[in-house]
Amino acid sequence: MRDQFDRSIEYMRISVTDRCNLRCVYCMPAEGVPCVGHKDILTYDEITRICRIASTIGISRIKLTGGEPLVRRGLPDLLKMIKDIPGIEQVTLTTNGILLKDKINELISNGLDAVNISIDTLDRDRYAYITRGGDLGEALSGLETALSFPFLKVKINCVPTQDMPEKDYISLARLARDQELDIRFIEMMPIGLGKEFGIVSGDWVYSILKKEFGKAVECIGRFGNGPAVYVHFPGFQGKIGFIDAVSHQFCDKCNRVRLTSEGYLKPCLQYGTGTDLRKLLRSGADDAAICREMRRTIYDKPACHHFADCISGAGQTFETRDMSQIGG
Ligand code: SAM
Ligand code: SF4
């Protein structure tokens, strides 16, 4: 469906859990966030029902995220339940990759279309520092397993932090030179702990990569569900993408809404506004009533975020949830 600014909304990101097996410094406090109780988290049947209703108003692509989606038991079952809904064309996953090796066969059999793996650096010590104890080897073995399925689209997400050395960008980018995968550099957004970190602009990362790999060609067309701008360096198998949410706002092309693990439908990352679908589901509302509320929430999607103002101190972030609760 189209929102009040005539944007076509086709994509829903679903946080299936706010729990995680890592504690990335910009995403979760060392002690973790107070976890949503089991009874407050949407069940798989509830998530599937929301997806089914969403599919009738034009949501055709779903991303399963978190927290860490693979820590929730039976995630491949949920994937299949959603994939079986008529009108849902694609179900993809964003994961830190730690549990991917063990789960990938079931995910693939149940219809996984693509996977994004978050690996901010290939330096083992730095990875352990950023994730507060994560083992890079485990994430890389998840990556390697994913790459062994030639039809599975694989992307790596990196959120640069200001203390990241230039060589780390270069070694990540080399993965896209040597293998068929894309690397995306995502600007830090002032959400949750992200507010405490400065942003490293995509333009700056691009300038480092150009010094190392030469002139790149901008890729025309749309790749994936997101707003990334992709470039292709000579001799590379994969592309390099930049998601510059802060320095190059792309809200006029935004196509997404988010569903938190507690069933809160959020039309924009920055604001706390939205609709408590869990309350509706659990109060016995029928599909038509839920659909009406979803339509209203999507129609009312705000024009844009004001992340740049938040960073300069001129504005506020109104969302008080952390990224792991919203589903980044
Ligand atoms: N645990 C999974 C993972 O790490 O891929 C899925 C959830 S995580 C919240 C999804 C993505 O959001 C990750 O790539 C993470 O780096 C990114 N992220 C977390 N906090 C962020 C922030 N403040 N700004 C930008 N991206 C952020
Ligand atoms: Fe966990 Fe992903 Fe957040 Fe890291 S970015 S703490 S892996 S949810």
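In what follows, residues are counted from 1 in the order of the sequence shown. Both counts, for ligands and for their atoms, begin at 1 and track the order of listing.
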>> Distance under 4.0 Å to a non-hydrogen atom of E187: what atoms of ligand 1 satisfy this?
In response: 25 (C)
> Between D84 and K80, does at least one N-O distance fall below 4.0 Å, as a salt bridge requires?
Replying inline: yes
> Under the 6.0 Å and 45° cation-pi test, does K167 pair with Y169?
Replying inline: no
> Does P165 offer a backbone N or O that forms a donor-acceptor pair with the side chain of R126 under 3.5 Å?
Replying inline: no
>> For ligand 1 and R13, I'd like to know whether there is a polar contact (N/O to N/O, distance under 3.5 Å).
In response: no
> So is there a nitrogen or oxygen of E68 less than 3.5 Å from a nitrogen or oxygen in ligand 1?
Replying inline: yes
>> Within ligand 1, which atoms have a heavy atom of T65 less than 4.0 Å away?
In response: 6 (C), 7 (C)
> Looking at I191, which atoms of ligand 1 are within less than 4.0 Å of one of its heavy atoms?
Replying inline: 23 (N)
> Hey, what do you get for CE (M294) to CD1 (I53), rounding to the nearest 0.5 Å?
Replying inline: 6.5 Å
> Which of the atoms in ligand 1, numbered in the order shown and given with their element, are less than 4.0 Å from a heavy-atom of N96?
Replying inline: 2 (C), 3 (C), 5 (O)
> With side chains defined as the heavy atoms from C-beta onward, is the minimum distance between D163 and Y129 less than 4.5 Å?
Replying inline: yes
>> Closer than 4.0 Å to some heavy atom of G67 - which atoms of ligand 1 meet that?
In response: 1 (N), 2 (C), 6 (C), 7 (C)
>> I'd like to know if the side chain of T275 reaches the main chain of L277, judged simply by a donor and an acceptor atom lying under 3.5 Å from each other, with no hydrogens or angles considered.
In response: no
>> Given 3.5 Å as the limit, does a donor-acceptor pair link the side chain of Q162 with the main chain of V200, or not?
In response: no
> With a cut-off of 4.0 Å, which atoms of ligand 2 are near a heavy atom of G67?
Replying inline: 8 (S)
> Numbering the atoms of ligand 1 from 1, which are under 4.0 Å from a heavy atom of S118?
Replying inline: 3 (C), 4 (O), 5 (O), 13 (C), 14 (O)
> For ligand 1, is any non-hydrogen atom under 4.0 Å from L193's backbone (N, CA, C, O), its side chain (CB onward), both, or neither?
Replying inline: neither
> Using 4.0 Å as the upper bound for N to carboxylate O, is an ion pair formed by K101 and E144?
Replying inline: no
>> Suppose I only count heavy atoms of G194 and a 4.0 Å limit; which atoms of ligand 1 are within that range?
In response: 23 (N)
>> Just so I know, are the side chains of I9 and Y299 near enough to count as touching, which here means a heavy-atom distance under 4.5 Å?
In response: no
> Is the centre of the Y206 ring less than 6.0 Å from the centre of the F185 ring?
Replying inline: no
> Are the side chains of T94 and S118 in touch, meaning some heavy atoms are under 4.5 Å apart?
Replying inline: yes
>> Taking 4.0 angstrom as the limit and counting only heavy atoms of V159, give me the atoms of ligand 1 inside it, by number and element.
In response: 16 (O), 26 (N)
> For atom 4 (Fe) of ligand 2, which protein N/O/S atoms are closer than 2.8 Å?
Replying inline: C24 SG
> Applying a 4.0 Å heavy-atom criterion (strictly less than), which segment of T94 is in contact with ligand 1: side chain, backbone, both, or neither?
Replying inline: both
> Quick one: does V154's side chain get under 4.5 Å of Q179's, heavy atoms only?
Replying inline: no
